[in-house]
Amino acid sequence: MEPVNTDILRLATIGSVDDGKSTLIGRLLVDTRQLFDDQLDAVVNASERRGVGDLDLSFVTDGLRAEREQGITIDVAYRYASTPDRKFIIADCPGHVQYTRNMATGASTADLALVVVDVAHGLKEQTRRHLCIAALLGVRGLVVAVNKMDAVHWSSAAFQSVVDEVETVSSELGFESITCVPTSALLGDNVVDASDHTPWYHGPTVLGALESSDAGAWSNATNGPRLPIQWVLRQPGGGRTYAGMVNGDTLHSGDVVTLLPAGIETTITALNTLHSGADTQAGAGLSIDVALADETDAGRGDLLARAPLPRVTRDVTATVCWFGERPLTTGSRLRLKHTTRVTPARIVALDGVVDVSTLTVHDGDELRTNDIGLVQLQTADPLVVDDYRDNRVTGSFVLIDEVTNATVAAGMVGRAAFL
Amino acid sequence: MTLTPLRPQTTTDHLSLLESHAVYILREVAAECERPVLLFSGGKDSAVLLHLAVKAFAPGRLPFPVMHVDTGQNFPEVLTFRDQTVANLGARLLVASVQDAIDRGRVADPGPHGARNRLQTVALLDAIVEHGFDAAFGGARRDEDKARAKERILSFRDAFGQWDPRQQRPELWQLYQGRVNAGEHLRAFPLSDWTELDIWQYIEREHVALPPIYFAHERDVVRRDAMWLAVNEFIQPRPGEHVERRLVRYRTVGDATCTGAVESDAVTVDAIVREVATANVSERGATRADDRFSETAMEDRKREGYF
């Protein structure tokens, strides 16, 4: 076997507790032979010791002691798989509402969500919450495993009723690609191998849907290149280059760029990538450093951009997922981290709280743990922002508790189309 | 909304993306934390980590020291490699010694043949307090173990150095935030998303130097706990065990008392890449006695403050 470079699809599992997310991922990894022999042996042994049968597939990803004792997923497990066509980075996320912060952690870097729905129960509120968060976070492709089909005797009508529900919600949330697959993760039907129990189904297996999805190639940036400056590198002879990771469009040597928030126009005279050294261009996700034609006082927290330029502002309208234990209210003071800048911030208005069941916004005085809300905030230092829907990097921020330093909110600049 | 390619069609090989992500993490933590340190054992993962750190800050010097948590039971080739590598870089090497911790009475002496891997936790945490470090870079990967698969890239440790897997900080996007209060610290894992195969492919591409024991060589070994253990000053054959000379190499490098070799004829990085791509047993399963104590051996050690 010759190892080859392939593209990477990042996916996160979402859905309610006990619908079978971890079992599905376990099945996917076992049936594609991604597990080493000793890892599979360890799962078999752990299953026997805990009295849960010959092989509890959820133990492949539920690796913590408490998870195995309670039979739940507490935090995201990251697993790595590859097929001849593609590498997968899989974030197996928890379903419980109190671990929504961990689900958001897993979904924030995902291209695609693998949704697991128990066919007998349909879309639970928690699944709707997860779909809403995934949509807010910019996930646009779904593969939906309509699971536990064995429990409804492989009924195509039961499958179709979940498909209808998923399609209604998904069109509201704006997902662009949806593939629903009737599965039994427990028995392995339509996960890797096509099932004999569903002659009425002609679509792909879960693995087939993941392999053929083009979600990983979709852009989450519809604007010009941005380079948030992380670090200034001093060059021999007294010059400086500015290091950071490119996002948005491809940046080129020779590009005329604007240093923000200062608003100084200059030119990139040299561009260095890690692999090639001096290079002509670099696309999103590459760490580079650049030299500028003009003397500037550029430093960490500043940003180089090519038109259309981001906004420079201290007043931000945003959608936030609140994870703090104490409620968020108007007047709350926090720290905000946006690109490479950290600045004090204050909530100046709470414009509404999102009802995840109906996707409507209602008035409220506070955001409680795991609520999603619309806020206006003001920062001490100016930020250089795009709307989240235009750029996942310059449109995102986190809020930090000033006392504990815990991350207490995920923030997205602007308002999602469905709110 | 039209869908356009997220990633440029040119330089998007996965090693460049992994490399860029790791360098991004190194720069974020170096910028946000007051006193970081990079943990360097001389193993392949920390050799890759150090290589990435050098690239992240070149042409400048490393903006943090390098620290080896030394069990005192090392493969001599690895110590030689450690000293040469650090000397070539002009980096500052700190050694946190398990022997010192034993001598100071901080931990019980496990005896001349006892495994000292777990005792590294005390030496590490003492050194973090002594030097006032608020961040420690480590080469751990999520594909190594099921507890590591659960860990954040920036992993918060309380004032006792403990990891609480039930109370991890949310980690959204690539907004790594490294703020801690006095006495607390972070572990930062830039190689989180790398697999063993990625590491070897990167070593091949970048010509990263490694200790010679990673490559196949003849060595006197005994079979114990389904592993080949090198006969040396720490490991002597027990009654009933036979010393054999075998062609072996190491897949991981840890304490010499608990790290096993695997049979292999791979003498080049290219041959190792092929071997790793077709392996049936995980690297820790094949070579680490310390992970076999219990179902959650790694989680239990990590909770106490292990790497």
Is the CG atom of Asp265(B) crowded by more than 12 outside heavy atoms at less than 6.0 Å?
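No, not enclosed.
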Heavy-atom count around Gln98(A) CD within 6.0 Å, excluding the residue itself: above 12?
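More than 12 within 6.0 Å, yes.
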Is there a donor-acceptor pair under 3.5 Å between the side chain of Thr105(A) and the backbone N or O of Glu171(B)?
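Side chain of Thr105(A) to backbone of Glu171(B), a donor-acceptor pair under 3.5 Å: yes, one is there.
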Apply side chain to side chain contact (heavy atoms under 4.5 Å, CB included) to Tyr80(A) and Asp193(B), showing your working.
CA-CA 8 Å; Tyr80(A) 305 84; Asp193(B) 282 339; 2.5 Å; yes
Segment of [X] engaging chain B (4.5 angstrom heavy-atom cut-off):
{"X": "Thr109(A)", "result": "side chain"}
{"X": "Thr404(A)", "result": "backbone"}
{"X": "Thr241(A)", "result": "neither"}
{"X": "Leu274(A)", "result": "both"}
{"X": "Tyr78(A)", "result": "both"}
{"X": "Val246(A)", "result": "neither"}

Between His275(A) and Glu206(B), is the side chain to side chain contact (heavy atoms under 4.5 Å, CB included) condition met? List the steps.
CA-CA 9 Å; His275(A) 185 43; Glu206(B) 297 280 311; 3.6 Å; yes
Working to the nearest 0.5 Å, report the span between [atom1] of [X] and [atom2] of [Y].
{"X": "Gln177(B)", "Y": "Thr407(A)", "atom1": "CD", "atom2": "OG1", "value": "3.5 Å"}
{"X": "Lys55(B)", "Y": "Thr273(A)", "atom1": "NZ", "atom2": "OG1", "value": "8.0 Å"}
{"X": "Tyr24(B)", "Y": "Gln230(A)", "atom1": "OH", "atom2": "CD", "value": "5.0 Å"}
{"X": "Lys87(A)", "Y": "Leu197(B)", "atom1": "NZ", "atom2": "CG", "value": "6.0 Å"}
{"X": "Arg61(B)", "Y": "Arg234(A)", "atom1": "CZ", "atom2": "CZ", "value": "14.0 Å"}
{"X": "Ile8(A)", "Y": "Leu18(B)", "atom1": "CD1", "atom2": "CG", "value": "5.5 Å"}

Using distance alone, with no hydrogens and no angle criterion, decide if Asn102(A) and Arg152(B) have a side-chain donor and acceptor under 3.5 Å apart.
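Asn102(A) vs Arg152(B): donor-acceptor pair found between side chains.
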Need one label for Ala22(B): side chain, backbone, both or neither, based on atoms under 4.5 Å from any heavy atom in chain A.
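For Ala22(B), no heavy atom lies under 4.5 Å from chain A.
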Of the backbone (N, CA, C, O) and the side chain (C-beta and beyond), which part of Phe57(B) lies under 4.5 Å from a heavy atom of chain A, both, or neither?
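Interface part for Phe57(B): both.
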Run the side-chain hydrogen bond (donor to acceptor under 3.5 Å, both in side chains) test against His252(A) and tell me which residues pass, sequence neighbours left out.
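Residues passing side-chain hydrogen bond (donor to acceptor under 3.5 Å, both in side chains) with His252(A): Gln281(A).
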Locate the shortest heavy-atom distance separating Trp173(B) from Gly411(A); write the atom from each residue and the value.
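Of all heavy-atom pairs spanning Trp173(B) and Gly411(A), the closest is CH2-O, 3.5 Å.
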Minimum heavy-atom separation for Leu286(A) to Ser20(B), with atom names?
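Residues Leu286(A) and Ser20(B), closest heavy atoms: CA-OG, 3.3 Å.
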With heavy-atom distances below 4.5 Å as the criterion, would you say the side chains of Arg169(B) and Arg101(A) are in contact?
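The answer is no; the side chains never approach within 4.5 Å.
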Taking the side chain as every heavy atom from C-beta outward, state whether Ser287(A) and Glu19(B) have any atom pair closer than 4.5 Å.
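A side-chain contact is absent here, since even the closest heavy-atom pair is not under 4.5 Å.
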Criterion side chain to side chain contact (heavy atoms under 4.5 Å, CB included) on Lys337(A) and Glu32(B), from CA distance to verdict
CA-CA 11 Å; Lys337(A) 181 169 184 182; Glu32(B) 288 216 336; 3.1 Å; yes
Who among Val276(B), Leu175(B), Thr195(B) has the most heavy-atom pairs with chain A under 4.5 Å?
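It is Leu175(B).
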Contact winner vs chain B - Val403(A), Val76(A), Val398(A), heavy-atom pairs under 4.5 Å
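Most pairs with chain B among the choices: Val76(A).
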Arg300(A)/Glu28(B) salt bridge by N-O under 4.0 Å criterion
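Yes, this pair counts.
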Given the rule in the side chain to side chain contact (heavy atoms under 4.5 Å, CB included) test, do Arg27(B) and Met245(A) qualify, once you have shown the distances and angles that lead to the verdict?
CA-CA 10 Å; Arg27(B) 287 173 175 160; Met245(A) 184 183 276; over 6 Å; no
